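A short worksheet on the structure shown next.
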Amino acid sequence: MTENTHADTPATAADENRLIAERREKLKALRAQGIAYPNDFKVDSFAGDLQAAYEDKDTWSAEAIEAAPRQVAVAGRIILMRGQGKVSFVQMQDGTGRIQLFIHQGTLGEDAYNAFKRWDLGDIVGATGTIMRTKTGELSIKVESIRLLTKSLRGLPDKHHGMADVEQRYRQRYVDLIVTEEARRTFVQRSKIVSHVRRWLEAEPRRFMEVETPMMHVIPGGATARPFVTHHNALDIPLFLRVAPELYLKRLTVGGFDRVYEINRNFRNEGVSTRHNPEFTMLELYQAYATYHEIMDLTEGLIRSAAAEVIGNTVIEWDGATIDVGPAFRRWRMEDAVLELNPEIKPGELRDREAMAAHAKRLGIQVKPSYGWGKLLLEIFEATVEHTLVQPTFITDHPVEVSPLARESDTDKGITDRFELFINGKEIANGFSELNDSEDQAARFQAQVDAKDAGDDEAMHYDADYIRALEVGLPPTGGLGVGIDRLVMLLTGSSSIRDVLLFPTMRPEA
RNA sequence: GGGUCGUUAGCUCAGUCGGUAGAGCAGCGGACUUUUAAUCCGUAGGUCGACGGUUCGAGUCCGUCACGACCCA
């Protein structure tokens, strides 16, 4: 057998080990034969398609398959090998699924079979042969030729325990996707959900148009959140990664694109948790001549159709709760919800700043002098109501104080035409009738600037160009924001946002 | 930011009362012509996250730090 010559094996990584060194020796031998990284293998079939085509074992018995011979060329990664002397079984995985390769020395020839025997788990191979069914009924490819297309230098994780360390699963997602079927399925689902959302929004009668607006803002706006800052060298100005696309999308509605949406990343300079990632994906849409009631209808329809068409069921298990997005979502005014779950608060106290401050203190909420009754109402809502909202619930009619971009109610001053959707205690969506009164918006911006001056570093900036756009005229418009990551969490039953982000933000490796 | 838990072979994990580091898988050598986590025989593989302390002696006890998970703010 081959002699080990470790002395001239280059170490390329700190975690280089003996197993890698052994594989490097095999790669060296392949290089010497001039067949290390071939690039001319042509694939004509895929594992998942073949499994589906021959799924019916009665129609496609071993004899029936033999009577209708089919020649295929497949390629993928070796994830399991069972050698048995002069015959071997290989589980090969491609982008669509897995299929067994039946490798017989007599069919392949002795030299080719011996070469194959030196390959490792994780190697990527290309094989040609005919479809067959083995004695035990497993669909297989009787291999006539097989080539090593890419040598894998690193072993795969334990074949039955997989990758248990979640940190490694996030850091080395490329390995996680090879060995964790559930992870692969979640990201396939995510792709289908996003694709469905686009098709559904663009279909009749909705006819939304997808647009792309700046990710780098001169003035960060559209949400109360701390931004990331960067610097543009040529212009010598600071630029802010966007916290929301809202103000640009509404500029487009001013411009006459009166049904627009954008699905893209937002960036907020905040902590990392099972519900938060510094960059996250948001759907925002704006529909002229719609009110927040119609936007609630649209939100419901969007989520219901995504569940039905992508998951195939409107009933979803999520973190121990059984959630049904099939029936109409409850719509509950924020003040009513707070009153119902806080019997100590009397209706007359809701808009009394001092009474609400006393209730907030009783609940252990830190009350800042700048808080008005609106902010206190929101704080009490978050402390006492939010976590109880398991089935889909629209909380509506938020205070003006905490809704700087939403239209004030015509009938109830101090309250906006706004809603937030909660499912299983998590905020999934936020929408409102847009504030299109430029003078009101100017006053709201000024209030935010005053709050910022008073030390609130999440408060908004004054965006004079946005006011100019409103002065040109924003039609009456309804808007919506949906956290796509959280929607995917719901629809895939994932309990951490990191399970639906391919590469979640992590501290750099030590 | 606070609390709890974790970090041991390439992977998954044991490690008792502080006394010379263990298993399965993967690897390597061998047997095996229909396996399904194949099986069987043999074999090699360790900076016990890092640093410091206690001790005759530390994977184990104490402290600090790093990274991660979960919960709370």
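Chain letters run A, B, ... following the sequence lines, proteins first and then strands; every chain starts at 1. If you're wondering where the values come from, they're calculated on a predicted model, not measured in any experiment.
- Between the NZ atom of A/Lys117 and the P atom of B/C32 there is a distance of 10 Å, given to the nearest Å.
- Only the C1' atoms considered, B/C71 is 33 Å distant from B/G24, to the nearest whole Å.
- If you check B/G52 for Watson-Crick or wobble pairing at under 3.5 angstrom, you find it paired to B/C62.
- For the C1' atom pair drawn from B/G68 and B/G29, the interatomic distance equals 39 Å after rounding to whole Å.
- In this structure, A/Arg77 does not pair ionically with A/Asp94, as no charged nitrogen and carboxylate oxygen lie closer than 4.0 Å.
- Proximity of A/Phe394 to A/Leu389: side-chain heavy atoms (C-beta onward) are nowhere separated by under 4.5 Å.
- The residue among A/Phe102 and A/Pro157 whose nearest nucleotide of RNA chain B is located toward the 5' end is A/Pro157.
- Nucleotides B/C67 and B/A26 have their P atoms positioned 35 Å apart, rounded to a whole Å.
- One can find a donor-acceptor pair under 3.5 Å joining the base of B/U35 and the side-chain atoms of A/Gln100.
- At the heavy-atom level, A/Gly83 lies under 4.0 Å from base atoms of the strands shown.
- The side chain of A/Lys86 places no N or O atom within less than 4.0 Å of a non-bridging phosphate oxygen (OP1 or OP2) of B/U35.
- A close approach under 4.0 Å does occur between a side-chain nitrogen or oxygen of A/Arg82 and OP1 or OP2 of B/A38.
- With C1' as the reference atom, B/C61 and B/A44 are 34 Å apart, rounded to whole Å.
- Atoms CE (A/Met81) and P (B/A26) sit 10 Å apart, rounded to a whole Å.
- A/Ile20 places its CD1 atom 18 Å from the P atom of B/A26, with the value rounded to the nearest Å.
- The distance between atom NZ of A/Lys26 and atom C1' of B/G27, rounded to the nearest whole Å, is 8 Å.
- Between B/G10 and B/G3, the two P atoms lie 34 Å apart (nearest whole Å).
- For A/Arg498, a side-chain nitrogen or oxygen approaches OP1 or OP2 of B/C70 to under 4.0 Å.
- For the P atoms, the distance linking B/U34 with B/U39 amounts to 16 Å, nearest Å.
- The base-pairing partner of B/U35, taking Watson-Crick or G-U wobble contacts with both distances under 3.5 Å, does not exist among the strands shown.
- Heavy-atom distances to RNA chain B give each of A/Arg133 and A/Ser496 a nearest nucleotide, and the one nearer the 5′ end belongs to A/Arg133.
- Among the heavy atoms of the strands, none lies under 4.0 Å from A/Ser140.
- When the side-chain nitrogen and oxygen atoms of A/Lys159 are compared with OP1 and OP2 of B/C25, none of them lie within a distance under 4.0 Å.
- The base-pairing partner of B/U16, taking Watson-Crick or G-U wobble contacts with both distances under 3.5 Å, does not exist among the strands shown.
- When the C1' atom of B/A26 is taken as reference, atom CZ of A/Arg154 falls 15 Å away, rounded to whole Å.
- At a cut-off of 3.5 angstrom, the base of B/G10 holds no donor-acceptor pair with the side chain of A/Asp158.
- For B/G68, the OP1/OP2 oxygens have a side-chain nitrogen or oxygen of A/Arg171 closer than 4.0 Å.
- In this entry the distance linking CD1 of A/Ile99 with P of B/U34 reads 20 Å, nearest Å.
- Base-pair partner of B/U4: B/A69 (Watson-Crick or G-U wobble, both distances under 3.5 Å).
- Contacts of A/Leu80 with the nucleic acid, taken as non-hydrogen atoms under 4.0 Å apart, involve only primed sugar atoms and P, OP1 or OP2.
- In this structure, CG of A/Asp165 is placed 14 Å from P of B/G10, rounded to the nearest angstrom.
- Pairing for B/G29 goes to B/C41, judged as Watson-Crick or G-U wobble with the two contacts each under 3.5 Å.
- Spacing of P atoms, B/C40 relative to B/G45, comes out at 23 Å, to the nearest Å.
- Rounding to the nearest 0.5 Å gives a distance of 9.0 Å between CD of A/Glu340 and OG1 of A/Thr388.
- The side chain of A/Val87 sits closest to B/U33 out of B/G45, B/C11, B/U33.
- Checked for salt-bridge contact, A/Glu22 and A/Arg18 meet the test: a charged N lies under 4.0 Å from a carboxylate O.
- With salt bridges taken as basic N to acidic carboxylate O contacts below 4.0 Å, none links A/Glu182 and A/Arg185.
- Nearest nucleotide to the A/Gln84 side chain, out of B/C70, B/U33, B/A69: B/U33.
- Side-chain polar atoms of A/Tyr113 and A/Ser88 form a donor-acceptor pair below 3.5 angstrom.
- Salt-bridge annotation for A/Arg265 and A/Glu279: present, with a side-chain N of the basic residue lying under 4.0 Å from a carboxylate O of the acidic one.
- Taking atom NZ of residue A/Lys142 and atom C1' of nucleotide B/U35, one finds them 16 Å apart after rounding to whole Å.
- The nucleotide B/G57 finds no pairing partner, because no Watson-Crick or G-U wobble arrangement with both distances shorter than 3.5 Å includes it.
- Between the side chains of A/Gln189 and A/Arg184, no donor-acceptor pair of N or O atoms lies under 3.5 Å.
- As the counterpart of B/A9, no nucleotide is assigned, since no Watson-Crick or G-U wobble pattern has both distances under 3.5 Å.
- Of the P atoms belonging to B/G52 and B/G42, the separation is 43 Å, rounded to the nearest Å.
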